[in-house]
Amino acid sequence: MQRSRAALSAVRRAATSLPGKLLGLTVGFVLLAEILIFLPSAAAFRTEWLQDRAQSAHLAAIAAENAAGAMPSEDMVMELLDGADVVAVGRVYGGVNELVLGGDVQGELVRADLTDTSLFESIRAACATLLAPRGRFINIWAMPETRPDERISVIVREEPLREALIAFSLRIAGLSIFISLVTGSLIYVSLLYLLVRPMRRLARAMTAFQEDPADPARNYIASARSDEIGDSERALAAMQADVQMAFRQREHLAALGGAVAKINHDLRNVLSSAQLISDRLAANSDARVAAMGARLVRAIDRGVRLCTETLEYGRSREREAEPVEVCLRDAADDAAGDAFAALGPVDWRNTIAADIRVSADPDHLHRIFLNLFRNSLQAMDSQPDACLRVSAREEDGRVVTEIHDIGPGIPARVRETLFQPFSVTGSSGGTGLGLSIARELARALGGDVSLARSNDSGSVFELALRRGASG
């Protein structure tokens, strides 16, 4: 019992596998093609069988006409009819229907006109013959080859035709099954070696690589095939090499990050001690010493801030954004106040309409504005007429906010890496993280931050966010 179940399970798995499905489809399609070919073949076989009987009957009628004596005997007539396998023979010429040889017809009589029959009618008649009941007769109307001006009417029993058609169908069915199995097996073997086995190797290689991508022993070795399978093998091998390189780079970066974190921690302690001394120097009664101390305080503050922001960037994992409707003008004013408190006030011009609202996380939007404003303020450091201006416009369901400054502009060589972490913007005191963080937060909200233009008269950054439903 268990063996039969195991065998049945194995057969089921084989039938539902890719090779099994391939073999089944191939055999099925070949059989379908044979069936489509069989119907016209059966119709042609029926027509030829009827044509042969009509010609034999015509010859029997000619023999009866030319027989010695006035009229052939009844035994001779029956012998001629049996030899032609017909029941009765008649001729039609000159508009006259003449019975040449006759027999007893008792049963249903169906007409078969061989002089004017379409292929569809022949197929339908062949199917009707296969399904016909016993005892029927067929009245054949044909045109003799030797007398084209005449038509011959022949009555034959349908049962011999039915038996011959069944035998023909069985031969065709056996031949079709044999051809389908041979063709299916050849196609199956060909595709098995050309497609199925290589695809199985690819699938096993991808599964093994997924289990341990860092193991070089699991790398797939591509073959020298020049077809699509070969392209897939080479693509998989290249992808595995790229992934393993990314793993090695991640390990190196992790080790480097740990080292940088330790260095930053110790450096902050050193800078904290130096900060205490610089504060005392800045409070010295000597003006020159106090000026140098103030400059030293600013330098140390930048160093401490760089260490702090580097550590925060390295270990930060932003929380998921929770967008709500936010008044854009109020958000800009709030962030500008924090930026001015840290870097000093400038001429602030907020021209954003009070009714403009965006869909954004309030905390993320505050940080975006704060980083963009701090970047602009650092670009205008020590400019007496520094001015920071923001404006907004709506386009394509979005709100685009422009942040204008009057700094010296961003050098062309810097613009390519402007939004990369720790990139140099040319401003004093910058860490190179503000723009990178701003773009990352904006994209998390479905928007973006970009540099619209920059020249000697200043720079313009654009913040694009989704418009609020009531904005």
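Just so you know, these numbers come straight off a predicted model, no measurement behind them. This chain uses plain numbering: 1 for the first residue, then up along the sequence.
Scanning both residues, Asn455 and Ser457, for their nearest heavy atoms gives OD1-OG, 2.5 Å. Pairing each heavy atom of Ala438 with each of Asn371, the nearest pair is CB-CB, 4.3 Å. Ala142 and Leu114 make their closest contact through CB-CD1, 4.2 Å (heavy atoms, listed as atom of the first residue, atom of the second, distance). Closest non-hydrogen pair, His366 versus Asp338, comes out as NE2-OD2, 2.9 Å. Closest of all the heavy-atom pairs between Ser122 and Thr47 is OG-OG1, 4.1 Å. Counting all heavy atoms, side chain and backbone alike, Ile356 lies closest to Glu394 at CG1-OE2, 4.2 Å.
At most 12 non-hydrogen atoms from other residues, nucleotides or ligands lie less than 6.0 angstrom from CZ of Arg134. Annotation: Glu121, atom CD; neighbour count of heavy atoms from other residues, nucleotides and ligands within 6.0 Å is above 12. For Asp396, the CG atom is loosely surrounded, since the number of other residues' heavy atoms within 6.0 Å does not exceed 12. Open room surrounds CG on Asp456; 12 or fewer heavy atoms of other groups in view lie less than 6.0 Å from it. Counting non-hydrogen atoms of other residues, nucleotides and ligands closer than 6.0 Å to CD of Glu395 gives a total above 12.
Here Glu462 pairs with Arg393 in a salt bridge; the nearest charged N to carboxylate O distance falls below 4.0 Å.
Side-chain atoms of Ser450 and Asp448 form no donor-acceptor pair, as typed in the model, at a separation below 3.5 Å.
We find the CG-CG distance between Leu161 and Leu130 to be 8.5 Å, quoted to the nearest 0.5 Å. Rounding to the nearest 0.5 Å gives a distance of 10.5 Å between CD1 of Ile138 and CD of Glu159. Distance check, rounded to the nearest 0.5 Å: CZ of Arg46 to OG1 of Thr129 gives 4.0 Å. The distance from the CG atom of Leu445 to the CD1 atom of Ile368 is 5.0 Å, given to the nearest 0.5 Å. Atom CG of Leu370 is separated from atom CZ of Arg374 by 6.0 Å, given to the nearest 0.5 angstrom. A distance of 12.5 Å separates CD in Glu158 from CG in Asn139, rounded to the nearest 0.5 Å.
Taking the side chain as every heavy atom from C-beta outward, Leu328 and Phe369 approach each other to under 4.5 Å. Counting heavy atoms from C-beta outward, Val390 and Phe373 have side chains that approach closer than 4.5 Å. Side-chain contact between Glu233 and Leu236 is absent, with no heavy atoms from C-beta onward closer than 4.5 Å.
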- Intermediate values then yes/no, side chain to side chain contact (heavy atoms under 4.5 Å, CB included), Asp385 and Val346: CA-CA 8 Å; Asp385 56 345; Val346 297; over 6 Å; no
- Stepwise side chain to side chain contact (heavy atoms under 4.5 Å, CB included) test for Glu48 and Asp52: CA-CA 6 Å; Glu48 184 178 356; Asp52 290 342; 4.0 Å; yes
- Does the pair Arg453 and His404 meet the rule for a side chain to side chain contact (heavy atoms under 4.5 Å, CB included), with working shown? CA-CA 10 Å; Arg453 57 186 179 275; His404 304 250; 3.7 Å; yes
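The residue from Asp334, Leu463, Thr401 that alone fulfils the side chain to side chain contact (heavy atoms under 4.5 Å, CB included) condition with Leu365 is Leu463.
Using cut-offs of 30° and 60° for the angle between ring planes, the Phe38 and Phe168 rings count as parallel.
Between the side chain of Arg415 and the backbone N or O of Ser454 there is at least one donor-acceptor pair closer than 3.5 Å. With hydrogens and angles disregarded, no donor-acceptor distance shorter than 3.5 Å links the side chain of Arg136 to the backbone of Val110. Using modelled atom types, one side-chain atom of Asp361 and one backbone atom of Glu322 make a donor-acceptor pair closer than 3.5 Å. Proximity of a side-chain donor or acceptor of Arg439 to a complementary backbone N or O of Val449 within less than 3.5 Å is detected.
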